[in-house]
Every structure is written in C-alpha cells, then in structure tokens.
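Working notes, structure below.
Below, chain A is the first sequence line, B the second, and so on; all start at residue 1. Only this structure's heavy atoms are used, side chains among them; waters, hydrogens and symmetry mates stay out.
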2 protein chains.
Amino acid sequence: MTSSVARGPYKPGKIRQQTQEKILQAATQAFSVHGFNGTSMQSIADAANVPKANVHYYFKNKVGVYTAVLENIIGLWDTVLNDITAEHEPKQALCDYIDAKIKFSRTHPRESRVFAKEMLSGAPHLQAFLEEDYQRWFSGRIAVFTAWIAAGKMQPIDPAHLLFMIWGSTQHYADFEPQVVHSLGTEALQQHHFDQAAATIKQVILAGCGLE
Amino acid sequence: MTSSVARGPYKPGKIRQQTQEKILQAATQAFSVHGFNGTSMQSIADAANVPKANVHYYFKNKVGVYTAVLENIIGLWDTVLNDITAEHEPKQALCDYIDAKIKFSRTHPRESRVFAKEMLSGAPHLQAFLEEDYQRWFSGRIAVFTAWIAAGKMQPIDPAHLLFMIWGSTQHYADFEPQVVHSLGTEALQQHHFDQAAATIKQVILAGCGLE
DNA sequence: TAAAAAATTGACTAATTGGACAAGAATTGG
DNA sequence: CCAATTCTTGTCCAATTAGTCAATTTTTTA
C-alpha cells in the first residue's frame with residue numbers, strides 16, 4: 001500500500017527541516033502580533049500543530065526561536081531586495097529599490113513587524129547584524145550616492161537621510177497598517193494600494209532628487 | 001520647622017495628580033522598551049518608586065495603566081503638532097509640520113515607540129482613536145492638500161501617501177533609532193542629527209511637490 | 001529485519017506575575 | 001483637635017509559563 005514512491009524517498013534531515021520551518025512560520029506570526037514576551041511557547045506550538053516539547057526539541061529555548069526568526073528575516077532581504085549600485089543610473093536604481101521595498105511590505109508584513117518591534121526595543125538581538133553586514137551595506141550605498149552626486153547625476157542630497165526616508169516611507173505600509181487602513185477607508189490593503197504608494201513615493205523621491 | 005510655606009499649601013488632588021504622573025512616566029519608559037507583556041506592574045512600581053499596590057490604587061489594572069499612557073501620548077500630539085491648514089501656503093505648512101514632527105521624535109522618543117508598538121500589534125487599544133479623532137484629522141488634511149492642488153499651488157501628488165511619507169520619515173528617527181545610530185556612526189542622536197534630518201526631508205518633500 | 005538514531009509526546013516543576021485585600025499612616029475639613 | 005477621607009504598604013493567591021525529563025513511537029541504516 002504505502003510504496004516508497006507514494007511516501008517519497010526518506011531523506012535525512014527532511015523531517016527536521018520541515019518541522020523547523022513550520023515552527024518558524026508560526027513563531028513569526030505570533031511574535032509579529034504579540035511580541036517576544038507576549039508570545040508563549042505553547043501558543044507557537046499550537047499554531048504549528050506540534051506539542052510544546054517538540055518546539056524545545058528543535059530550538060534550544062525561546063530566545064533560540066526568536067533569533068532564528070530574526071535571522072530568517074535578514075536572510076530574506078538579501079534574497080529579495082535589489083541592490084543600489086553605481087553601475088545603474090540613479091533613477092532606475094531608486095525605482096527598483098523602492099518597488100522591491102514596497103513589495104516586501106506587502107508580501108512579508110509579519111517579518112517586517114517582528115524586525116520593527118526588535119528595533120523599537122533597542123535591537124538587543126541585532127547588535128551583530130547592525131555592526132557588521134548592515135554597516136557594510138549602508139556605507140556602500142552612501143558611496144554610491146556620493147559618486148552619483150559627484151558625477152552630477154543627482155542633486156546634492158544627504159544620502160543617509162535620503163535612505164532613511166525611503167526606509168521609513170516603505171516600512172510604514174507594513175508597520176503602521178492599521179493607521180493606513182483607516183486612513184484609506186478600506187478593509188485591508190490591496191495590491192492597488194501598494195502600487196499607488198510606490199508610485200507616489202517614487203514621484204516624490206525622484207523629483208526631490210532632481211531626477212525628473 | 002516645617003512651615004506651611006515650606007511645604008506649600010495642601011491642595012486636594014495634588015498628591016493624586018503627582019503620583020499618577022510619576023507612575024505614568026515610569027510606565028511609558030517601561031512599555032516603550034519592553035512592550036505591554038514584557039512590562040510587569042512590579043517594574044513600573046519600582047521605577048516610579050512606589051510599592052506595587054500603590055499602582056493598583058491609582059489605576060484599575062495593567063490595561064488601565066497602558067491606556068492612560070496611550071491617551072497621554074495622543075494628548076501630547078494635539079498640544080505639540082502644528083496643524084496643516086489651507087490658510088497657510090503649502091511650503092510653510094509642510095515645513096512647520098515636518099519640523100514639529102521631527103522635534104517630537106527627538107523630545108518624545110519613548111512616547112513615539114509605545115505608539116508604534118501598539119500599531120505593530122494591530123492597534124487593539126486605538127480603534128476608537130483611529131475611527132474618530134484621527135479619521136477626522138486625516139480627511140481634513142486631505143481636503144487641504146486637494147484644495148492646494150486645485151488652486152495650482154502644488155503639483156498633483158496623492159495627499160494620503162504624501163502624508164504617510166512624512167509620517168514614516170519623521171517617525172523613523174525615534175522608532176528605528178538603533179539603525180539610525182549605527183548608520184550615522186554616532187553614539188547617540190544629537191540635535192544636529194535631527195536638524196540635518198529635518199533639512200533633508202524638507203528638501204526632498206518640497207522639491208518632490210514642486211514647491212522650490 | 002533488527003539495532004540505532006531521530007522524533008514525538010505527556011507529565012512535572014520552579015519561577016514569575018497580575019491582582020486582591022486589609023491594616024495602618026497621613027492628610028484634610030469642620 | 002477629632003472624625004472622615006485619602007493614601008500607603010506588606011502579604012497572600014491563583015494563573016500562566018519556560019523549560020526538563022523520561023518514556024514511547026517512528027524512521028533510518030546496515
């Protein structure tokens with residue numbers, strides 16, 4: 001009856017990887033709404049449909065689950081976000097980045113919120129990230145903007161604060177969703193809301209940088 | 001020894017008001033870092049230098065303390081934020097609003113963070129606010145922008161998303177402080193960082209709206 | 001197919017926490 | 001100065017929760 005074909009071949013680590021992923025998703029959802037302290041191991045287990053002891057089998061402890069969620073989020077960015085490089089023209093690079101960032105707010109609002117909550121708490125579990133990968137990425141982008149400005153491809157705008165503007169503006173649609181929803185008089189944010197958001201942000205940023 | 005002058009005249013309700021305020025400030029600080037669930041009544045009491053039972057004497061329960069904090073924050077905005085009205089020219093009104101908003105991020109980061117955390121959790125304790133006062137304020141501002149655009153005083157920019165940009169950009173300096181601090185390579189944000197932020201935001205937004 | 005390894009699970013424990021309460025101290029008004 | 005009111009505070013309790021453990025089942029390997 002249960003042929004190896006029907007069940008699929010057993011691969012070592014497959015169960016581990018699948019159950020871990022299930023727990024990770026459940027935890028991301030829970031942390032995004034209730035925060036670290038507001039989320040119980042039991043509630044994560046329930047949402048993942050495993051007994052609580054099983055969560056402890058795959059993760060050392062609650063902090064272990066939480067840091068795994070954070071690391072997963074950081075990995076997502078590397079995968080999803082187009083980078084701003086000097087090879088591209090400012091206009092195209094900024095448009096691509098804004099589009100990708102808005103798309104992230106739409107497709108990964110839970111991840112965005114977990115990250116935001118961590119920042120709001122002083123980012124105690126993100127020190128390493130902020131001091132290494134992020135620092136490197138940020139100064140790299142500053143260099144790109146500086147080069148663009150030096151080459152006369154862009155008005156002289158403080159690159160750091162420009163990046164913060166883009167960050168803040170795009171994050172807003174995930175992190176302050178209730179406010180946006182009420183403002184727009186809708187039930188939930190739809191694709192066209194995000195399209196309109198991206199269009200407006202690009203319009204203002206591009207004109208603001210003298211790129212139109 | 002202890003003259004009534006030295007102690008000041010006893011006013012009924014004075015003690016209540018003072019102790020309540022002390023607890024409220026301690027609670028704001030605690031909630032801003034650890035969130036609702038991460039903050040214990042004991043820790044609030046300790047920070048306010050009163051026994052825990054005293055907190056329960058002035059507030060019905062933990063939710064009572066929390067909503068008092070939120071109401072206090074909303075009240076602060078009404079006091080501090082300049083309003084955007086059709087009587088002013090767009091340029092001046094936007095500058096004033098951005099300046100006031102950045103100043104709020106600088107002078108009230110804790111309040112800003114409590115509010116942001118509440119939003120991130122779906123704003124369960126802000127439904128009334130979002131559906132009443134805020135809704136009214138927001139549609140009023142939309143009307144102002146629409147009038148400006150109709151009068152040719154401003155480029156046609158989606159007013160709602162423009163407001164979100166301003167909100168997101170200015171909030172960022174309070175809510176994502178660790179990121180900003182690491183990005184700017186400083187120990188803590190200083191007055192001049194906020195000045196530079198406000199200048200850049202105004203520069204981009206004004207040019208973005210065709211107001212330069 | 002049998003032993004080894006990996007995964008599942010229920011039961012238990014120690015610690016924390018929100019809240020209740022009542023006794024006592026300080027303040028106020030007459 | 002005295003009674004009423006307001007405020008303070010130590011103590012206690014029930015509920016929740018993170019984490020442990022050992023027994024059992026399932027899966028893999030040889």
Does [atom1] in [X] sit with more than 12 non-hydrogen atoms of other residues, nucleotides or ligands closer than 6.0 Å?
{"X": "A/H88", "atom1": "NE2", "answer": "no"}
{"X": "B/E187", "atom1": "CD", "answer": "no"}
{"X": "B/H34", "atom1": "NE2", "answer": "no"}
{"X": "B/K103", "atom1": "NZ", "answer": "no"}

[Y] and [X], any side-chain heavy atoms less than 4.5 Å apart:
{"X": "A/F164", "Y": "B/L184", "value": "yes"}
{"X": "B/K101", "Y": "B/I201", "value": "no"}
{"X": "A/K202", "Y": "A/L94", "value": "no"}

Note: A/D175-A/K117 ion pair, threshold 4.0 Å (strictly below): no
Got a salt bridge between A/D46 and A/K52, using NZ or NE/NH1/NH2 to carboxylate O under 4.0 Å? no
Do any N or O atoms of the protein come closer than 3.5 Å to N or O atoms of nucleotides 14-16 of chain C, and which pairs are they?
none

Is the NZ or CZ atom of A/R16 positioned over A/Y57's six-membered ring, under 6.0 angstrom from the centre and within 45° of the axis? yes
Examine A/K62 relative to A/F36 and say whether NZ or CZ is less than 6.0 Å from the centre of the six-membered ring and inside a 45° cone about the ring axis. yes
Taking only heavy atoms on the protein side, list every residue of residues 24-35 of chain A lying under 4.0 Å from any atom of DNA chain C, sorted numerically. none
Could you identify which residues of residues 36-45 of chain B place a heavy atom less than 4.0 Å from some atom of DNA chain C, listed by residue number, or say none? B/T39, B/S40, B/M41
List, with names and distances, any nitrogen or oxygen atoms from the protein found under 3.5 Å away from nitrogen or oxygen atoms belonging to nucleotides 24-26 of chain D.
none

Which class fits the ring pair A/F104 and A/W77: parallel under 30°, tilted 30 to 60°, perpendicular over 60°? tilted
Have a look at the helix from C/dT1-D/dA30 to C/dG30-D/dC1 and give the angle its two end axes make, five pairs each, rounded to 10 degrees. 20°
Check whether the ring centres of A/Y173 and B/H161 lie less than 6.0 Å apart, and answer yes or no. yes
Listing time: all N or O pairs from protein to nucleotides 8-11 of chain D that are below 3.5 Å?
| unit_1 | atom_1 | unit_2 | atom_2 | d |
| --- | --- | --- | --- | --- |
| D/dT8 | OP2 | B/N54 | OD1 | 3.1 |
| D/dT8 | OP2 | B/N54 | ND2 | 3.3 |
| D/dT8 | OP2 | B/Y58 | OH | 2.9 |

Kindly determine whether A/S183 and B/Y134 satisfy side chain to side chain donor-acceptor pair (under 3.5 Å), including the steps that lead there. CA-CA 8 Å; A/S183 299; B/Y134 174 73; 2.6 Å; yes
For C/dA6, does OP1 or OP2 lie under 4.0 Å from any side-chain N or O of A/R16? no
Distance-only donor-acceptor check, side chains A/Q171 and B/H172, under 3.5 Å: no
Determine, stepwise, if the pair A/E21 / A/Q17 fulfils side chain to side chain donor-acceptor pair (under 3.5 Å). CA-CA 6 Å; A/E21 179 63 25; A/Q17 193 260 321; 4.9 Å; no
Quick one, A/Y66 with A/N61, criterion side chain to side chain contact (heavy atoms under 4.5 Å, CB included). Give me CA distance, side-chain angles, the key distance, then yes/no. CA-CA 9 Å; A/Y66 184 67; A/N61 50 29; over 6 Å; no
